[in-house]
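Each chain gets a letter, A, B and so on, in the order its sequence line appears, and its residues count up from 1. Values in this document were obtained by computation on a predicted structure and should not be read as measured data.
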Number of protein chains: 2
Amino acid sequence: MIAKRQKRRSTCPINASLEVVGDRWSLLIVRDLMFAGARAYKDFLSSEEGIATNILASRLVKLQESGIVTSERDPQDGRGVIYRLTAKGVELAPVLLELSRWGTRFEEGEPPGGILQAWETNPQAFLAEIRKQLLDVPRSTG
Amino acid sequence: MIAKRQKRRSTCPINASLEVVGDRWSLLIVRDLMFAGARAYKDFLSSEEGIATNILASRLVKLQESGIVTSERDPQDGRGVIYRLTAKGVELAPVLLELSRWGTRFEEGEPPGGILQAWETNPQAFLAEIRKQLLDVPRSTG
DNA sequence: CAGGATCCGTTTCGATACTG
DNA sequence: CAGTATCGAAACGGATCCTG
């Protein structure tokens with residue numbers, strides 16, 4: 001057991017988080033899953049800012065290893081793969097929303113319609129909504 | 001006018017934010033400035049997870065270019081440099097705190113004493129406190 | 001001695017071509 | 001459609017050197 005090569009035994013949760021999602025692409029993938037309805041590999045490629053296929057593949061693997069994303073065969077398609085956020089992944093919503101809020105205030109960028117307002121008005125309710133939407137639709141059972 | 005080479009004309013604020021702080025080190029530097037009382041170059045080196053000097057220097061430049069950090073000579077020391085967060089940098093607090101909260105819940109890491117609790121209990125008040133502490137101490141002017 | 005630049009080997013990224 | 005293989009470019013990281 002080699003315990004996966006930790007850098008320095010840091011006990012800071014910020015650093016722990018950044019070890020998982022602290023790169024240029026991971027949170028964009030989570031964003032697409034959370035707000036853009038992305039489910040298939042090609043969705044990530046077409047959306048966003050043009051991530052390279054190898055980078056996308058490696059990030060998806062890493063996100064799965066981190067327990068943020070799951071993947072499964074599309075029961076309808078057979079050759080397609082469906083990616084979905086885990087509960088752990090869904091709970092990144094506050095991070096994404098605060099990042100979005102900050103970007104809207106200080107950098108360029110238009111927020112997706114109404115989302116930020118809903119978040120600022122009633123975070124708890126909005127979070128509950130997101131959880132419901134993303135976790136209760138595992139395979140059209142809802 | 002070349003407008004600084006934007007990748008793809010993205011209007012997503014999350015992406016805009018990640019272009020500035022979406023790397024392994026930037027938010028750790030902001031964290032040190034915000035919660036660990038770091039002000040000098042050596043503070044960042046000693047703290048944290050052992051950032052290399054060249055990386056630290058380049059990140060500090062980038063953070064200054066992004067308007068998140070300022071630097072000035074230490075009036076007491078003369079040879080020392082004091083780094084400080086701008087208002088824009090201080091407003092990254094919610095991002096850091098949500099990142100910290102997520103890390104505490106799902107990754108390893110102990111939160112710094114009481115901070116997360118204060119944040120969860122009353123975000124507005126806690127933010128106001130942070131703003132006051134970090135922005136009202138520019139040079140002991142009061 | 002603090003702040004930071006330079007050199008250099010290693011790792012990661014990223015674009016494209018290609019495969020099942 | 002969903003990925004690998006390849007390969008050049010960039011970033012990282014450590015050590016050392018420079019500057020005031």
Distance, rounded to the nearest Å, where [X] contributes [atom1] and [N] contributes [atom2]:
X	N	atom1	atom2	result
A/Glu19	C/dT12	CD	P	13 Å
B/Ile82	C/dA2	CD1	P	15 Å
B/Leu18	C/dC13	CG	P	15 Å
B/Lys42	C/dA2	NZ	C1'	9 Å
A/Arg24	D/dC12	CZ	C1'	18 Å
B/Arg39	C/dG3	CZ	P	11 Å
A/Ile51	D/dT4	CD1	P	14 Å
B/Asp77	C/dG3	CG	C1'	12 Å

List for me each residue that meets salt bridge (charged side-chain N to carboxylate O under 4.0 Å, His left out) alongside [X], sequence neighbours excluded, and say none if there are none.
X	result
B/Glu129	none
A/Asp74	none
A/Arg39	none

side-chain N/O B/Trp25 vs D/dC12 OP1/OP2, d < 4.0 Å =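 For D/dC12, neither OP1 nor OP2 has a side-chain N or O of B/Trp25 closer than 4.0 Å.
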
With sequence neighbours left out, what residues match [X] under side chain to side chain contact (heavy atoms under 4.5 Å, CB included)?
X	answer
B/Thr86	B/Thr70, B/Lys88
A/Val61	A/Glu65
A/Asp32	A/Ala36, A/Ala38, A/Phe44, A/Ser47, A/Glu48
A/Phe35	A/Arg31, A/Leu96, A/Leu97, A/Ile115, A/Ile130

Determine to 10° how strongly the helix from C/dC1-D/dG20 to C/dG20-D/dC1 is bent, judged from the axes of its five-pair ends.
->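 Its terminal axes enclose an angle near 30°.
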
Nearest listed nucleotide, side chain of B/Tyr41, among C/dG4, D/dG3, D/dA2 =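 My answer, after comparing the listed nucleotides, is C/dG4.
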
Any donor-acceptor N or O pair under 3.5 Å, side chains B/Asn54, B/Arg59 |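 Judged by distance alone, the side chains do not pair up.
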
Closest heavy-atom pair and its distance - B/Tyr83, B/Leu33 |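 Minimum heavy-atom contact is O-CD2, 3.6 Å.
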
Using heavy atoms and a sub-4.0 Å distance, could you list which residues of residues 52-63 of chain B are near DNA chain D? By number, please.
->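 Result for residues 52-63 of chain B: B/Ala52, B/Thr53, B/Asn54, B/Ile55, B/Arg59, sorted by number.
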
